[in-house]
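Treat the numbers as computed from the prediction; the structure is a model and nothing was measured. Counting convention: from 1, in listed order, for ligands and their atoms alike.
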Amino acid sequence: MKSRTVLITGGAGYIGSHACLELLQADFNVVVVDNLSNSKLESLTRVQQITGKTLTFYQADIRDKAALSDIFAKEKPSTVIHFAGLKAVGESVEQPLLYYHNNVFGTLVLTEVMDEAEVRQLVFSSSATVYGESDSPQYTEDFPLGAINPYGRSKAMIEDILRDLSIADKNKPHKTPWKIALLRYFNPIGAHESGLIGEDPNGIPNNLMPYVSQVAIGKLEQLSVFGDDYPTRDGTGVRDYIHVVDLVKGHLKAIEALNSDIFSSGSCKAYNLGTGQGYSVLEIINTFESVTGKTINYKISPRRSGDLAECFANPNLALKELNWQVEKNLKDMIADTWNWQTKNPQGYN
Ligand code: NAD
Ligand code: UFG
């Protein structure tokens with residue numbers, strides 16, 4: 001029988017820790033490799049506390065080939081979910097080499113080790129940021145790619161590398177063929193319903209939802225709404241926010257698909273993981289206020305450079321091929337964000 005061991009890079013992070021939880025609950029053996037550069041081990045302690053199950057943790061950098069090879073030899077996973085990466089857009093503009101080294105080189109080392117260990121099933125954390133400008137705000141997987149910053153380009157490069165790997169396999173098949181799912185996330189928010197794990201950004205958050213919740217709890221004074229003159233229904237930017245638990249369930253569905261006829265030998269396929277529904281910044285603020293009873297102090301500020309007016313997923317392919325769809329709505333996302341924030345005002349500290 002095939003091993004039920006899933007190796008998760010970046011498993012101590014925000015999305016990774018939620019994935020560990022769902023996988024443990026679905027009776028997978030979970031092995032995490034994380035260098036803790038943007039996370040705390042406490043997240044995994046809590047995952048084990050919630051599930052009553054144990055996982056195996058290695059503090060290692062995915063660029064350390066010797067360490068990674070040893071872990072693969074010992075743990076013999078059947079599948080890898082690859083979350084490890086740096087993700088701050090602004091930092092990537094300031095330090096592109098750091099981003100390409102960590103994200104692109106890290107993935108090269110990981111896939112070399114996987115190839116040598118003959119573990120060729122991979123689920124990769126990609127992002128809606130790989131898409132280029134388009135005429136329609138609703139993105140399907142065949143839209144042209146065209147990331148506009150080093151972070152986004154690192155994701156696009158990794159997608160290219162993984163596609164090339166699968167093409168090479170088609171031409172010269174292995175006994176254990178490459179099968180790769182590229183999951184393009186829209187805007188993950190929310191937290192596990194226990195309020196024990198959640199997003200714990202370092203310093204001042206870049207993203208809207210953690211910023212709003214830190215204003216609500218009094219850690220930050222005022223939210224800047226970046227632009228109210230976009231061609232959207234109220235002038236503010238529209239995004240597709242998705243509950244992190246729905247998002248990670250998409251990864252379990254992807255693992256099922258990798259083991260089914262959906263993925264033929266040597267295939268590499270991209271799927272949007274979003275709800276298909278966009279909300280504006282002002283709609284987020286209003287819903288946050290009605291769900292939590294808190295007032296959000298905000299001001300309208302100039303547009304943030306690089307932001308699109310509107311971007312949301314067409315999630316039909318994931319429904320059709322992965323049999324995945326979201327279960328939670330915006331109110332659930334906000335209630336769970338607030339539950340995590342109020343129970344952990346200092347994050348994991
Ligand atoms: P996160 O920073 O919370 O988690 C990433 C984890 O990877 C961290 O625990 C970090 O310590 C680890 N890591 C980074 N570089 C590593 C390395 N070289 N070796 C080992 N571990 C390493 O981020 P997240 O929000 O959980 O995102 C997970 C993945 O999803 C990332 O690849 C990110 O680019 C992608 N993604 C995130 C979003 C989002 O909005 N959160 C959107 C689209 C895509
Ligand atoms: N926004 C504000 N004020 C803030 C922060 C954000 O008004 O303080 C607005 C933005 O202008 C945008 C919306 O809120 O209209 C969402 O912004 P986020 O920064 O939360 O998210 P983005 O859509 O800009 O980008 C995020 C990640 C990217 C990822 C992308 C798609 O930061 O890395 O989602 O997954 F690629």
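Around atom 4 (C) of ligand 2, the closest heavy atom drawn from Phe226, Tyr131, Tyr211, Tyr241 belongs to Phe226. Comparing heavy-atom distances from atom 14 (O) of ligand 2 across Val281, Ile300, Leu223, Ile285 singles out Val281 as nearest. Within the set Val130, Thr129, Asn187, the minimum heavy-atom distance to atom 34 (O) of ligand 2 is found for Asn187.
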>> Would Leu223 and Asn297 count as a side-chain contact (heavy atoms from CB on, under 4.5 Å) here? Give the steps.
In response: CA-CA 6 Å; Leu223 170 75; Asn297 177 18; over 6 Å; no

>> Is there a side-chain contact (heavy atoms from CB on, under 4.5 Å) between Lys65 and Glu116? Walk through the geometry before answering.
In response: CA-CA 11 Å; Lys65 191 169 180 184; Glu116 285 162 19; 3.1 Å; yes

>> Between Ile217 and Lys294, does the side-chain contact (heavy atoms from CB on, under 4.5 Å) criterion hold? Intermediate values first, please.
In response: CA-CA 9 Å; Ile217 206 158; Lys294 290 278 171 183; over 6 Å; no

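Ligand-side atoms of ligand 2 in range of Phe186: 31 (C), 35 (O), range being under 4.0 angstrom from any heavy atom. Annotation for ligand 2: atoms under 4.0 Å from non-hydrogen atoms of Asn206 are 5 (C), 19 (O). The distance from ligand 2 to the heavy atoms of Asp307 drops below 4.0 Å at these ligand atoms: 10 (C), 11 (O), 24 (O). Atoms of ligand 2 found under 4.0 Å from any heavy atom of Ser127, numbered from 1 in the order shown, are 29 (C), 31 (C), 35 (O), 36 (F). Heavy-atom contacts of Tyr185 reach the following atoms of ligand 2: 31 (C), 35 (O) (cutoff under 4.0 Å). Applying the 4.0 Å criterion to heavy atoms of Val225 picks out, from ligand 2, the atoms 7 (O).
Residue, atom and distance of the protein heavy atom nearest to atom 24 (O) of ligand 2 are Arg304 NH2, 2.9 Å. Closest to atom 3 (N) of ligand 2, if we only count protein heavy atoms, is Ser224 O, 2.7 Å. Asn207 ND2, 3.7 Å is the protein heavy atom nearest to atom 27 (C) of ligand 2. If you check which protein heavy atom lies closest to atom 15 (O) of ligand 2, you get Gly237 CA, 3.6 Å.
Not a single N or O atom of Leu308, backbone or side chain, sits closer than 3.5 Å to an N or O atom of ligand 2.
Ion pair Arg303/Asp229 flagged as a salt bridge, since at least one NZ, NE, NH1 or NH2 atom sits closer than 4.0 Å to an Asp/Glu carboxylate oxygen.
With His251 as reference, Tyr185 is the one residue of Phe28, Trp324, Tyr185 to meet the ring pair (Phe, Tyr, Trp, His ring centres under 6.0 Å) rule.
From Leu183, atom CG reaches atom OG of Ser126 across 8.5 Å, with rounding to the nearest 0.5 Å.
Not close to ligand 2: Tyr230, with no non-hydrogen atom less than 4.0 angstrom away.
Within the 4.5 Å cutoff, the side chain of Trp338 has no heavy atoms near those of the Val291 side chain. A 4.5 Å side-chain heavy-atom check between Ile197 and Val47 finds at least one atom pair inside the cut-off.
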What are the polar N/O contacts of ligand 1 with the protein below 3.5 Å, with distances?
unit_1, atom_1, unit_2, atom_2, d
ligand 1, 2 (O), Asn38, ND2, 2.7
ligand 1, 3 (O), Tyr14, N, 2.8
ligand 1, 9 (O), Gly13, N, 3.2
ligand 1, 9 (O), Asp34, OD1, 3.2
ligand 1, 9 (O), Asp34, OD2, 2.6
ligand 1, 9 (O), Ser39, OG, 2.6
ligand 1, 11 (O), Asp34, OD1, 2.7
ligand 1, 11 (O), Asn35, OD1, 3.4
ligand 1, 11 (O), Ser37, N, 3.0
ligand 1, 11 (O), Ser37, OG, 3.4
ligand 1, 11 (O), Asn38, N, 3.0
ligand 1, 11 (O), Ser39, OG, 3.3
ligand 1, 13 (N), Asn35, OD1, 3.4
ligand 1, 15 (N), Asn102, ND2, 3.1
ligand 1, 18 (N), Asp61, OD1, 3.1
ligand 1, 18 (N), Asn102, OD1, 2.9
ligand 1, 19 (N), Ile62, N, 3.0
ligand 1, 21 (N), Asn35, N, 3.1
ligand 1, 21 (N), Asn35, OD1, 3.2
ligand 1, 23 (O), Lys87, NZ, 3.4
ligand 1, 25 (O), Lys87, NZ, 2.7
ligand 1, 26 (O), Tyr14, N, 3.3
ligand 1, 26 (O), Ile15, N, 2.8
ligand 1, 32 (O), Phe83, O, 2.8
ligand 1, 32 (O), Lys155, NZ, 2.8
ligand 1, 34 (O), Tyr151, OH, 2.7
ligand 1, 34 (O), Lys155, NZ, 3.1

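Scored by the side-chain hydrogen bond (donor to acceptor under 3.5 Å, both in side chains) test, Gln277 finds no partners at all (sequence neighbours excluded).
Using modelled atom types and a 3.5 Å distance limit, the side chains of Tyr58 and Asn35 yield no donor-acceptor pair.
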